[in-house]
Amino acid sequence: MSNSPVRVRFAPSPTGYLHVGGARTALYNYLFAKHHGGEFILRIEDTDQARSTEESMQMQINDLAWLGLKWQEGPDSISLIDVGPHGPYRQSLRLSIYKEHAEKLLADGLAYHCFMTDDEIEVQRKESLRLGKPPQVNSPYRDWPLAKALEHKEKGHKASVRFKVRTKKDHVLPDLVRGEVTFPSDMVGDFVMLRSSGMPVYNFCCAIDDALMKISHVFRAEEHLSNTLRQMMLYEAFHYELPKFGHLSIILGSDRQKLSKRHGATSCFEYAQNGYLPEALNNFVALLGWSSPEAQEILSMEEMINQFSYERLNSSPAVFDEQKLSWVNATHLRALPAEELWRRVEPFLTEAGLVMPKDPAWRERALNTLKTSMTNLKDAVELFRPLNEAPVPVKEDAREVLSWPTTKIVIEAWKTGVEKFNSEYMEESDFLKLQDSIKEGLGVKGKHLFQPVRVAVIGTPQGTELKMLVPLLNKKLLIARAEHVLQHMEKGPT
RNA sequence: GUCCCCUUCGUCUAGAGGCCUAGGACAACUCCCUUUCACGGAGUAGACACGAGUUCGAAUCUCGUAGGGGACGCCA
């Protein structure tokens, strides 16, 4: 390990929500930085003006913040104002830096103006492909003297600036996760640094920024592997020190294709919406391509930071397994202290219009009995619905139960029993005792006993077990609900 | 088409030449707990892509084949 300070970055392009693959890349960088007491930097790669938006940038930042991956340098998560000594951290604000660099290469003869049109490029490409060669561009402007090109440009001809790929030699990249990767000499052709609009291009900005921001290690997705060759050439041209690279395997869908929208949820935001915990998503995604030396499956952020090392990064692609995510989520969720769990569940209940008792002790009791049925926060909605502090509507599927001749007396006996009870909440054993006494008193048993009581409590004969639910419903509510059902019966079948 | 990367149970993985009759986790299945479910507990089944080589010995090293993925953009 070199003794220069560890500085890593996550560099998303703001085109939509943060993808889970991006989240994993960000996480690994974050874990690596934290493990080594280094810095984690956020840089926004927004040089594609057509696709980058301000909203997307805010979305990505929100998602990162939700995951709890805090950066030390980059746009502030709320004000978006750059923080840190190596800014600006948005590439669209660094244009003059790129321009200077391009001019230097131009002056040194390491780059040239290219006046080729899209059509000309397309023709060349097709021809190369036809000949079984990599579709590279051979620009006729490659050897124009700078002065001549400038003059031509002056006359209003649009030019891109291309890097002049010189001496063909193999480049060897000592990759942190793949070992030595050898790029053959002619893998890339003269690539564009500056678009004809003057806007720089990814590979160019990325290399310059990583160097200027003193990035020590770059962990990024495998699809950048071939870009690395271009960036290495740029580093060489500028005499900048090359950071260490580690190329991460990509994440696949269940059909072993690159994970995309058609596989379902792929953005962190969707997982947040669906009731997944950030700690669970981090944990799950970390295990897609990395393993704990202790073979631990459930890890907190702390534990991941402590145990992280790139040596345990896996180079083969991993399939995103929704089922395992659910398990990881459920496990984290059930381990949360009641107070914290409630804080997370509450927005979902509120959104569903449910009103719950304020008493923290009640909340803890409710959570403890219901959380074993939850895999995500959203599950709480249906689980807590019967506990809503409002009368429950009598559901359609209760019709048959209500038509039984003994139903009315069972519900009346139930109501009377509840009324006689003298504390606010029944215990499970109280409930069972009451149920038994109704059975003996009326001689009604089986479904003719349970189902009417269930309807009296939750308005439907189906649902969570009563002995779990009843102790969570206060006496007043139980009576109100029983009365509500009795009134409903009075009105007769409708 | 060319180049690069990858290949252990269905899935995520452990595995750095003998500790491997290949270990763990999710999922599946069975049983136990439970008057249903869930939680929990105990089990069962399930993999080194193929073929050559190197070696006393190969999941581990080398080469080939096949399959998969990625890249070849004035996208990132």
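Chain letters run A, B, ... following the sequence lines, proteins first, then strands; residues in each count from 1. Fair warning: this is a prediction, and the values are worked out from it, not measured in the lab.
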K.L.:
Among A/R9, A/K244, A/R220, which residue meets the salt bridge (Lys or Arg N to Asp or Glu O under 4.0 Å) test with A/D210?
P.N.:
A/R9
K.L.:
Taking the same atom, C1', in B/C5 and in B/C9, what whole-Å distance lies between them?
P.N.:
24 Å
K.L.:
Return the set of residues passing salt bridge (Lys or Arg N to Asp or Glu O under 4.0 Å) with A/E382 (not counting sequence neighbours), or none when no residue passes.
P.N.:
A/R385
K.L.:
Nearest whole Å is fine: how far is B/U34 C1' from A/K467 NZ?
P.N.:
7 Å
K.L.:
What does the list of N/O pairs under 3.5 Å between the protein and nucleotides 48-50 of chain B look like, with a distance for each?
P.N.:
none

K.L.:
Please find out if less than 6.0 Å separates the ring center of A/F238 from that of A/H101.
P.N.:
yes
K.L.:
For atom P, what is the distance between B/A14 and B/U7, given to the nearest Å?
P.N.:
10 Å
K.L.:
Base, sugar-phosphate, or nothing: which does A/A295 touch, judged by heavy atoms less than 4.0 Å apart?
P.N.:
nothing
K.L.:
Fit a plane to each ring of A/W342 and A/F384, take the angle between them on a 0 to 90° scale, and name the class: parallel (under 30°), tilted (30 to 60°) or perpendicular (over 60°).
P.N.:
perpendicular
K.L.:
Please identify each residue that fulfils salt bridge (Lys or Arg N to Asp or Glu O under 4.0 Å) with A/R195, with sequence neighbours left out.
P.N.:
none
K.L.:
Please determine if A/K371 and A/E364 form a salt bridge, counting it only when a charged side-chain N lies under 4.0 Å from a carboxylate O.
P.N.:
no
K.L.:
Residues two or more places apart in sequence or in another chain: which of them pass ring pair (Phe, Tyr, Trp, His ring centres under 6.0 Å) with A/F191?
P.N.:
A/F163
K.L.:
Whole Å only: how far is the CG atom of A/N282 from the C1' atom of B/C12?
P.N.:
17 Å
K.L.:
Flag the pair A/E103 and A/K99 as a salt bridge only when some basic side-chain nitrogen lies within less than 4.0 angstrom of an acidic carboxylate oxygen.
P.N.:
yes
K.L.:
Grab the CG-P distance between A/D321 and B/C9 for me, whole Å please.
P.N.:
14 Å
K.L.:
When the nearest nucleotide of RNA chain B is assigned to A/L287 and to A/M468 on a heavy-atom basis, which residue is associated with the more 5' position?
P.N.:
A/L287
K.L.:
Under 3.5 Å, is there a donor-acceptor pair between the side chain of A/R365 and the main chain of A/P471?
P.N.:
yes
K.L.:
Can you tell me the distance, in whole Å, between the CG atom of A/L176 and the C1' atom of B/C5?
P.N.:
16 Å
K.L.:
Which nucleotide, in any strand shown, forms a Watson-Crick or G-U wobble pair with B/U65, with both distances under 3.5 Å?
P.N.:
B/A49
K.L.:
Once rounded to the nearest 0.5 Å, what's the spacing between atom SG of A/C205 and atom CZ of A/R94?
P.N.:
9.0 Å
K.L.:
Quick one: label A/S249 by what it contacts on the DNA or RNA (base, sugar-phosphate, nothing), any heavy atom closer than 4.0 Å.
P.N.:
nothing
K.L.:
For atom P, what is the distance between B/A59 and B/U21, given to the nearest Å?
P.N.:
9 Å
K.L.:
Among A/F245, A/F32, A/F40, find the residue that satisfies the ring pair (Phe, Tyr, Trp, His ring centres under 6.0 Å) test when tested with A/F219.
P.N.:
A/F32
K.L.:
Of the nucleotides B/C5, B/C26, B/C6, which one has an atom closest to the side chain of A/S315?
P.N.:
B/C6
K.L.:
When the C1' atoms of B/A66 and B/C29 are considered, how many whole Å apart are they?
P.N.:
33 Å
K.L.:
Give a yes or no on whether a salt bridge exists between A/E223 and A/K258, defined as a side-chain N under 4.0 angstrom from a carboxylate O.
P.N.:
yes
K.L.:
Measure the distance from NE2 on A/H247 to C1' on B/C5 and round it to the nearest whole Å.
P.N.:
11 Å
K.L.:
Quick one: A/F431 CZ to B/U35 C1', roughly how many Å, whole number?
P.N.:
13 Å
K.L.:
Between A/H171 (NE2) and B/C3 (P), how many Å, whole number?
P.N.:
19 Å
K.L.:
Can you pull every protein N or O that's under 3.5 Å from an N or O on nucleotides 37-41 of chain B?
P.N.:
residue: B/A38; atom: O2'; partner: A/T372; partner atom: O; Å: 2.2

K.L.:
Using the P atoms only, state how far B/G68 lies from B/C63, rounded to an integer number of Å.
P.N.:
22 Å
K.L.:
Determine, for nucleotides 71-76 of chain B in 5'-to-3' order, which nucleotides have protein heavy atoms under 4.0 Å from the base (write B), from only the sugar-phosphate (write S), or from neither (write -).
P.N.:
SBSBBB
K.L.:
Which sits closer to the 5' end of RNA chain B, A/L313 or A/P184, going by the nucleotide each is nearest to?
P.N.:
A/P184
K.L.:
Both distances below 3.5 Å, Watson-Crick or wobble geometry, any strand: find the nucleotide opposite B/A25.
P.N.:
B/U11
K.L.:
So do A/I305 and A/Y30 actually touch side chain to side chain, heavy atoms under 4.5 Å?
P.N.:
yes
K.L.:
In the strands shown, is B/C72 matched to any nucleotide by a Watson-Crick or G-U wobble pair with both distances under 3.5 Å, and which?
P.N.:
B/G1
